[in-house]
Amino acid sequence: MGSMLARHEKFSHKKTLVPASTKIEGESPMSQISSKACIAMVAAISVASSTAASEIANIPDALQAKIDAAEAECASFNDGEFALEEGSVQRVDLDGDNTDDWVLNEVRFACSTAASLYGGTGGSMSHFLVGAELASIQNQGWEITQFGPHTVLLARVHGSNCDGINPTPCVVSSVWDGEAKVWRSASAAWE
């Protein structure tokens, strides 16, 4: 757990809010556990439930750069504290090659001083890393499905992408083209 916690502290850059020696008034001696120990335990459980600790330790530089930028943005907003919530990092086979790729979901980013810093009515950014290629899309949720021989990324997007307004239902489907190393999507006109 120690190595997982050390990586999580680097990963989330979360500061300790209460000194480790602080005791909680009115609590029994058994429940007066240091806040640092509590934070460590919660952080370890959160990271373990979202992605294996070994995967967190090996997060690619391109995604770590996105995390670092989000943390800096949070800190610049009234000295906010940044945290990654469960589900911020996922391993998913995006291209159908039976190898897990990386996804970073900003909807699971948190800033103590700004509730909507990483998203709004249009959704939040998700960053999809296939091999060395990073592509991002603003979305209101996504999932992977199989359609014939193709692994398809479905993303709910803002209704304006479908000539509507926010509540207008709108979905984009994309397939990874391994040869060209790009996501392919089409917009077809209905008659």
Mind listing the closest non-hydrogen atom pair of Ser112 and Cys74 along with its distance? N-SG, 4.2 Å
Determine the sole option in Leu94, Thr99, Val103, Asp97 for which the side-chain contact (heavy atoms from CB on, under 4.5 Å) test with Val130 is passed. Leu94
If you round to the nearest 0.5 Å, how far is CD of Gln138 from CZ of Arg156? 13.0 Å
Can you give me the closest heavy-atom contact between Ser185 and Ser173, atom names plus distance? OG-O, 3.2 Å
On a heavy-atom basis, the closest approach of Thr121 and His158 is O-CD2, 3.9 Å
Full working for side-chain contact (heavy atoms from CB on, under 4.5 Å) between Thr145 and Leu154: CA-CA 7 Å; Thr145 189; Leu154 298 173; 3.8 Å; yes
Quick check on the 6.0 Å ring-centre criterion: do Phe128 and Trp142 meet it? yes
In terms of hydrophobic clusters joined by side-chain contacts under 4.5 Å, are Leu117 and Ile67 together? yes
Heavy-atom donor-acceptor pair, Asn139 side chain to Ile137 backbone, under 3.5 Å: yes
What are the two closest non-hydrogen atoms of Ser124 and Gly119, and how far apart are they? OG-CA, 3.4 Å
Mind checking the CG-CG spacing from Asp95 to Asp177? Nearest 0.5 Å is all I need. 11.0 Å
Classify the side-chain pair Gln146/Thr151 by whether it contains a donor and acceptor separated by less than 3.5 Å. yes
Any link between Leu153 and Val175 through a network of hydrophobic side chains (Ile, Leu, Val, Met, Phe, Trp, Tyr) touching at under 4.5 Å? no
Measuring from Ile144:CD1 to Gln90:CD, what's the distance to the nearest 0.5 Å? 10.0 Å
What's the separation between atom CE in Met125 and atom NZ in Lys66, rounded to the nearest 0.5 Å? 6.5 Å
Pairwise distance CZ(Phe77) to CZ(Phe82) - rounded to 0.5 angstrom: 15.5 Å
Does NZ or CZ of Arg184 fall inside the cone over Trp176's six-membered ring, less than 6.0 Å from its centre and within 45° of the axis? no
Between Val157 and Leu104, is there shared hydrophobic-cluster membership here, with clusters defined by ILVMFWY side-chain heavy atoms closer than 4.5 Å? no
Will you find, in the side chains of Gln140 and Asn166, an N or O donor that is under 3.5 Å from an N or O acceptor? yes
Does CG in Asn78 sit with more than 12 non-hydrogen atoms of other residues, nucleotides or ligands closer than 6.0 Å? yes
Same cluster or not: are Ile59 and Tyr118 linked, directly or through other Ile, Leu, Val, Met, Phe, Trp or Tyr residues, by side-chain heavy atoms under 4.5 angstrom apart? yes
CA sep, side-chain torsions, deciding dist, call: Asp101, Asp93, side-chain contact (heavy atoms from CB on, under 4.5 Å): CA-CA 5 Å; Asp101 302 294; Asp93 182 9; 3.8 Å; yes
Interatomic distance, Asp61 atom CG to Leu134 atom CG [nearest 0.5 angstrom]: 11.5 Å
Is the closest side-chain donor-acceptor distance between Asn105 and Ser88 under 3.5 Å? no
